[in-house]
Amino acid sequence: MSVIRVSEISKYEGQEVTVQGWVYNRTDKGKLVFLLVRDGSGFVQCVAFKGDLDEATFDSVMRLPQESSVIITGPVRADKRAPGIPGGFELGVKQIQIVQAAEADYPMSLKDHGPDFALDNRHLWIRMQSQWAILRVRVRVMSAVREYLDGQGFFNLDTPILTPAAAEGTSTLFETEYFDEGKAYLAQTGQLYNEANIFAFGKVYCYGPTFRAEKSKTRRHLTEFWMLEPEIAFCDLDGLMDVEEGLVSFIAAAVLKDCAAELKFLGRDTSVLEKVVGPFPRMSYDDAAKHLIDLYEKETDPEKKELLKFEWGMDFGAPHETEITKLYDRPVFVYGYPSAVKAFYMEPWPGRPEVCKSVDLLAPEGYGEICGGSERVSDHDLLLARIRKEGLPEEAFHWYLQLRKYGSVPHSGFGMGTERVVAWMCGIEHIREAIPFPRTIKRVYP
RNA sequence: UCCUCGCUAGCUCAAUCGGCAGAGCGAGCGGCUGUUAACCGCUAGGUUAGAGGUUCAAGUCCUCUGCGAGGAGCCA
């Protein structure tokens, strides 16, 4: 008897198969018991009829607690009434082995839970259909990233997580002791190392966890998140936008194609994702600023007006980003931010030193900044001047400055927040559900 | 760090002007051959976050503490 994956059940219609999994829900109808069984690949309804089983077995099936582990063998039938993911097929219970009857006090009911309770029970919450669907989308987003970049000739060279000093000197870092070497810090970016790697490999990316000790308490922030950072030699700002556009379009297409059942379960409006096809609109910061100032002046509600307050030179807040994304039905690039609000390593705009060659990619529907990148300063003396101006420790950047001495070229890169992309793909409220075990300012358990 | 809101049964939430502590789900028992978070009947389940105060009377009003939420700032 072959053990099958529930996700492939449609291939076995009319055949007798075995499914190994856990009881997600049970409904009994007297002489008939419906078990919704999940096996990791999907959810399938198993139907036990009193006449098909001996009395003791049927009785124990009727009393099976939620989450009991089972091995069930029986015929696969197509039935439109059968719930599940993908659904439409059910398994008749001919034989059942109860591997373990779960204890009856399983804390997660199938009803709604508050965030605090759900997160305290995250180790169990991930078994629920909604969380399973979201995390399956995450898996596909991450595999799509690698598929696309590997196909474009990028090399995945990961950068260190333990680092000697602040890379940007802006965000707060998690600190740890490092033997006799003093302090080490958890990386908030791999960019500087990526910049070294491109001079050996041309096009590279790192994809790993990133740590920010910022006290951000919003639905868009985690203290530990997975950031993709491609870096490309001989690439200017326009070339960078081309890469971002290709990547994000590819991710959306992959999720639409391979996670259709998950998106359907989540109730995602897929027509929104179908529009995620390049070219994306490219808007200058100057034009965006004009639009925002116009909105600010026209706003009459004092509360909203305060939130929309804007003048040239300011960085965008979340309300500003939302207003800009409302102008389009697909992601939008905003490029050419004021240098003063961006990092020291960003290349100045030719002829306009107050502006830099930076670009953010803003997702629609209020999901905000999913990618942030720039063309990097390639001139040694300019970079040194910037480091001095920022008051950064020059000796820590010795190796980074050296990159500009031996074959420096124009180069660009960006960072993409995986959880923000996953949340956007799924249409969920909070990015904490887009990672198996979220770390926030108030939570390191479980 | 600042602003706003919240904390009642295992879970999600009610409780009118300050007047007997309630429901659904979950758990237990019983019924039903097509359920979709099934449904129907019965049972058990409470230091209303903690401390103090006002009052004949506090889940409800006041003060403090704790915990949480999402918004600002910062950022992906």
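The structure displayed is predicted, hence computed values, not measured ones. Letters A, B, ... are given to chains in the order of the sequence lines, protein chains preceding strands, and every chain is numbered from 1. Just so you know, these numbers use all the heavy atoms, side chains as well, and skip hydrogens, waters and symmetry mates.
Between A:Y400 and A:F397, the ring-plane angle classifies as perpendicular under the 30° and 60° cut-offs.
Listed nucleotides B:U35, B:G34, B:G10 differ in distance to A:P83; the shortest reach to its side chain belongs to B:U35. When the nucleotides B:A72, B:C25, B:G28 are ranked by their closest atom to the side chain of A:K111, B:C25 comes out on top. The side chain of A:A104 approaches B:A27 more closely than any other nucleotide in the set B:G73, B:A76, B:A27. Of the candidate nucleotides B:U35, B:C75, B:A69, B:C75 has the atom lying nearest to any side-chain atom of A:E321. Considering only side-chain atoms of A:R77, the nucleotide from B:A69, B:G34, B:A76 that sits closest is B:G34. Picking from B:G31, B:G70, B:U35 the nucleotide with the shortest atom distance to the side chain of A:D28 gives B:G31.
Summarising the geometry, the separation between CG on A:D105 and C1' on B:G26 is reported as 11 Å, rounded to the nearest angstrom. Spacing between atom CG of A:D360 and atom P of B:A76 amounts to 8 Å, rounded to whole angstrom units. Protein atom CZ of A:R63 is 9 Å distant from nucleotide atom C1' of B:C29, rounded to whole Å. The NZ-C1' distance, from A:K217 to B:C5, rounds to 11 Å in whole Å. Taking atom NZ of A:K31 as the reference point, atom P of B:G34 lies 11 Å away to the nearest angstrom. Distance, A:N25 CG to B:G34 C1': 15 Å, rounded to whole Å. Taking atom CG of residue A:D116 and atom P of nucleotide B:A49, one finds them 15 Å apart after rounding to whole Å. Regarding A:R443, its CZ atom lies at a distance of 15 Å from the C1' atom of B:G70, rounded to whole Å.
Look at the P atom in both B:C75 and B:U4: the space between them is 25 Å, to the nearest Å. Spacing between B:U35 and B:G50 at atom P, rounded to whole Å, works out to 45 Å. The separation of B:C67 from B:U8, taken at their C1' atoms, amounts to 16 Å, rounded to a whole angstrom. Taking atom P in both B:C13 and B:G70, one finds a spacing of 13 Å when rounded to whole Å. Only the P atoms considered, B:U60 is 12 Å distant from B:U16, to the nearest whole Å. On the P atoms, B:G30 is 42 Å away from B:A69, given to the nearest whole Å. Spacing of C1' atoms, B:G66 relative to B:G10, comes out at 22 Å, to the nearest Å. Nucleotides B:C3 and B:A27 are separated by 44 Å at their P atoms, to the nearest Å.
In this entry the base of B:C7 is anti relative to its sugar, with a glycosidic angle more than 90° from 0.
When each of A:P107 and A:V47 is assigned the nucleotide of RNA chain B bearing its nearest heavy atom, the one mapping closer to the 5' terminus is A:P107. Residues A:L110 and A:T418 each lie close to RNA chain B; by heavy-atom proximity, the contact nearer the 5' end of the strand is made by A:L110.
Evaluation of atom-type donor-acceptor distances gives a pair under 3.5 Å for the side chain of A:R420 against the base of B:C75. Applying the 3.5 Å distance criterion, the base of B:G34 shares a donor-acceptor pair with the side chain of A:E90. Side-chain to base pairing of A:H221 with B:C75: one donor and one acceptor N or O lie within less than 3.5 Å of each other. For A:K442 and B:A69, a side-chain-to-base donor-acceptor distance below 3.5 Å is absent, hydrogens and geometry of angles not being considered. Counting distance only, with no hydrogens placed and no angle test, the side-chain atoms of A:S216 and the base atoms of B:C74 include a donor-acceptor pair under 3.5 Å. Evaluation of atom-type donor-acceptor distances gives no pair under 3.5 Å for the side chain of A:D112 against the base of B:C11.
Residue contacts for A:L222: at a heavy-atom cut-off of 4.0 Å it reaches a base atom on one of the strands shown. Within the nucleic acid shown, A:Q45 comes within 4.0 Å of at least one base atom, counting heavy atoms only. Among the heavy atoms of the strands lying under 4.0 Å from A:M227 are primed sugar atoms or P, OP1, OP2 only; no base atom is included. A:G114 comes within contact range of the sugar-phosphate backbone alone, with a heavy-atom separation under 4.0 Å but no base atom that close. Using a 4.0 Å heavy-atom criterion, one finds that A:F34 contacts the bases of the nucleic acid, with or without backbone contacts as well.
Among the duplex regions that RNA chain B forms, those built from at least three successive Watson-Crick or G-U pairs under 3.5 Å are B:1-7 with B:66-72, B:10-13 with B:22-25, B:27-31 with B:39-43, B:49-53 with B:61-65, ordered by first number.
A:E195 and A:H411 share a donor-acceptor pair across their side chains, judged by distance under 3.5 Å alone. With 3.5 Å as the limit, one finds a donor-acceptor pair spanning the side chains of A:Q191 and A:Y345. The closest side-chain donor-acceptor pair between A:S41 and A:D39 falls under 3.5 angstrom.
The pair A:D360-A:K342 meets the salt-bridge criterion, with a side-chain N (NZ, NE, NH1 or NH2) lying under 4.0 Å from an Asp/Glu carboxylate O. Salt bridge status for A:E245 with A:R330: absent, with no side-chain N to carboxylate O gap under 4.0 Å.
At least one side-chain nitrogen or oxygen of A:R220 sits closer than 4.0 Å to the OP1 or OP2 atom of B:A72. Within the 4.0 Å cut-off from OP1 or OP2 of B:G34, at least one side-chain nitrogen or oxygen of A:K29 is found. Contact annotation: A:R219 side-chain N/O to B:A69 OP1/OP2 distance is not under 4.0 Å. Between A:R212 and B:G73, a side-chain N or O to OP1/OP2 separation shorter than 4.0 Å is absent. Between B:A37 and A:R26, no contact under 4.0 Å exists linking OP1 or OP2 to a side-chain N or O.
In this structure, A:F225 counts as stacked on the base of B:A76 under the 5.5 Å centre distance and 30° plane angle limits.
Note: A:Q66 CD to A:Y24 OH = 7.5 Å, rounded to the nearest 0.5 Å. For the atom pair CG of A:N194 and CZ of A:F414, the computed distance is 11.0 Å after rounding to the nearest 0.5 Å.
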Report, one line per pair, each donor and acceptor closer than 3.5 Å where one atom sits in a side chain of residues 134-147 of chain A; sequence neighbours left out.
from: A:R136; atom 1: NE; to: A:E262; atom 2: OE2; distance (Å): 2.9
from: A:R136; atom 1: NH2; to: A:E262; atom 2: OE2; distance (Å): 3.2
from: A:R138; atom 1: NH1; to: A:E419; atom 2: OE2; distance (Å): 2.8
from: A:R138; atom 1: NH1; to: A:A434; atom 2: O; distance (Å): 2.9
from: A:R138; atom 1: NH2; to: A:E419; atom 2: OE2; distance (Å): 3.4
from: A:R140; atom 1: NE; to: A:D258; atom 2: OD2; distance (Å): 2.7
from: A:R140; atom 1: NH1; to: A:S143; atom 2: OG; distance (Å): 2.7
from: A:R140; atom 1: NH1; to: A:E147; atom 2: OE1; distance (Å): 3.3
from: A:R140; atom 1: NH2; to: A:E147; atom 2: OE1; distance (Å): 3.2
from: A:R140; atom 1: NH2; to: A:D258; atom 2: OD2; distance (Å): 3.1
from: A:S143; atom 1: OG; to: A:V139; atom 2: O; distance (Å): 3.4
from: A:S143; atom 1: OG; to: A:R140; atom 2: O; distance (Å): 3.1
from: A:R146; atom 1: NH1; to: A:N156; atom 2: OD1; distance (Å): 3.1

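Between A:D315 and A:H320, the shortest heavy-atom contact is O-ND1, 4.4 Å.
More than 12 heavy atoms of other residues, nucleotides or ligands lie within 6.0 Å of CD in A:E354, so this atom counts as buried by the packing criterion.
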